[in-house]
Amino acid sequence: MTTKISGGFILNQAGEKEQKDIYIKDGYFVEETADVTEEVDASQCLISPGFVDVHIHLREPGGEKKETIETGTKAAARGGFTTVAAMPNTRPVPDTKETMRDLVNRIEEKAFVRVLPYASITTRQLGKELTDFTALKEAGAFAFTDDGVGIQEAGMMLQAMKEAAKLNMAVVAHCEDNSLINSGSVHEGSYSRREGLNGIPSVCESVHIARDVLLAEAADCHYHVCHVSTKESVRTIRDAKKAGIRVTAEVTPHHLLLCEDDIEGQDTNFKMNPPLRAKEDQQALINGLLDGTIDFIATDHAPHTEEEKRSTIDRAPFGIVGLETAFPLLYTHFVKTGRFTLTQLLNWLTVKPAETFNLPYGSLSVGAPADFTLIDLQAKETINPETFFSKGKNTPFAHWEVTGVPQATYVAGKAVFTKERIING
């Protein structure tokens, strides 16, 4: 059976809109053919490769009150994401072949989009004992990370990088030196001083990155930095790339869109880790993305219950949701204002993360998996957390007006979402 997606437009290599019909057979993009058995009207919509997010939290197993594989991947589908990578801070942690196989089975049974599971670097993410990387890769691991906690011992990180390099796998790092956290809940800056809160200094992140890029050079390992947030981190990564070190990096939509000056009172929906930094850090992140120091955008989708987020800002958990709001927020505040081109934004959400991790996704090319999203660039909406498919409603972007809304999402040629509706089966 061949499906024709008709009436939509793509962006050509010159970044110009070009009307184009696309064809799908057996889950892959194929050449134009007259042998069409189904046609989908994509009139007025941009046909984009499905978005790829290599940093999300699905919470299952163990945290199903916050999110599940089902609800999290429904949220991904609504946001236009067709491939996501799930972090391992679950209970149990996927740190053995048995726990990884269980997770893979859950994903196969419940997920609405493609989910790539991370395995932990250390047993139970405690930083004390290295996991069996070979067994975890064979069981389905995408890459290795202890996301949520930084690897504190340099020797442990070097050993991990050497093991990952043997398998041609990436080490993905949440960079945070525990001796510098300062029991902080927000960035150490003007906001923390004004509110009388302990602050997390920028050096807490950047010092770990500086250490790790040298370790990655020694191990000849692909080292990827999660959610970069400081100007010092950007400078360190830029210098490491110039030195030929295999380092890549991501930035979140919220760190591009917000800084500490935007925090409203002590609203815990503005609490995330790393925290919202100073205005100059925010600008350094934008500059780093534009000059290629930062490779792509990832949401760090981190759902929590409303009860947890109702706590005080020093006690509430870190994290916000992001899958359902990422594209319209970025399109509205960067593309429509002329700071990014649409081509750049799509590359940072599709091509670049796929290329970074050698994934066969993020493309509309003939022969590629037929993952795509249809986006109405004229559609406007008000962000309303109560309508989220995610269990998490914890966002600082409630009531923001946005333009550019995904209308349908397809994974391997199969519709998994159409506007406001998940496709079952």
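Along the sequence shown, residues carry numbers from 1. All values derive from a computational prediction rather than experimental measurement.
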More than 12 foreign heavy atoms under 6.0 Å from CD of Glu18: is that the case here? yes
Using 30° and 60° as the class limits, which term best fits the ring planes of Phe144 and Phe133: parallel, tilted or perpendicular? parallel
Inter-residue atom distance Asp146.CG - Gln125.CD, 0.5 Å rounding: 5.0 Å
Is it true that Arg277 and Asp261 make a salt bridge, defined as a side-chain N closer than 4.0 Å to a carboxylate O? no
With a 6.0 Å cut-off (strictly less than), is the heavy-atom count around NZ of Lys393, excluding the residue itself, greater than 12? yes
Looking at Glu60 and Lys110, does any basic side-chain N land under 4.0 Å from a carboxylate oxygen? yes
Rounded distance [0.5 Å steps], CG in Asn358 versus NE2 in His222: 8.5 Å
With sequence neighbours excluded, tell me which residues meet salt bridge (Lys or Arg N to Asp or Glu O under 4.0 Å) with Asp300. none
Just checking Glu355: does its CD atom have more than 12 heavy atoms from other residues, nucleotides or ligands closer to it than 6.0 angstrom? yes
Are any of the side-chain nitrogens in Asp291 or Arg238 under 4.0 Å away from the carboxylate oxygens of its partner? yes
Met156 side, atom CE; Leu215 side, atom CG - distance, nearest 0.5 Å: 12.5 Å
Donor-acceptor pair, side chain of Asp53 and main chain of Thr299, under 3.5 angstrom: yes
Does atom NZ of Lys65 have more than 12 heavy-atom neighbours from other groups under 6.0 Å away? no
If you take the centroid of each ring, where Trp contributes its six-membered ring, are Phe417 and Phe112 closer together than 6.0 Å? no
For His227, ring pair (Phe, Tyr, Trp, His ring centres under 6.0 Å) partners two or more places apart: His55, His174
To the nearest 0.5 Å, atom CG of Leu11 lies from atom CD of Gln344 at 12.0 Å
Quick one: list whatever passes side-chain contact (heavy atoms from CB on, under 4.5 Å) with Thr83, sequence neighbours left out. Val52, Arg114, Leu116, Tyr361, Asp371
With under 30° as parallel and over 60° as perpendicular, where do the rings of His224 and Phe357 fit, or are they tilted in between? perpendicular
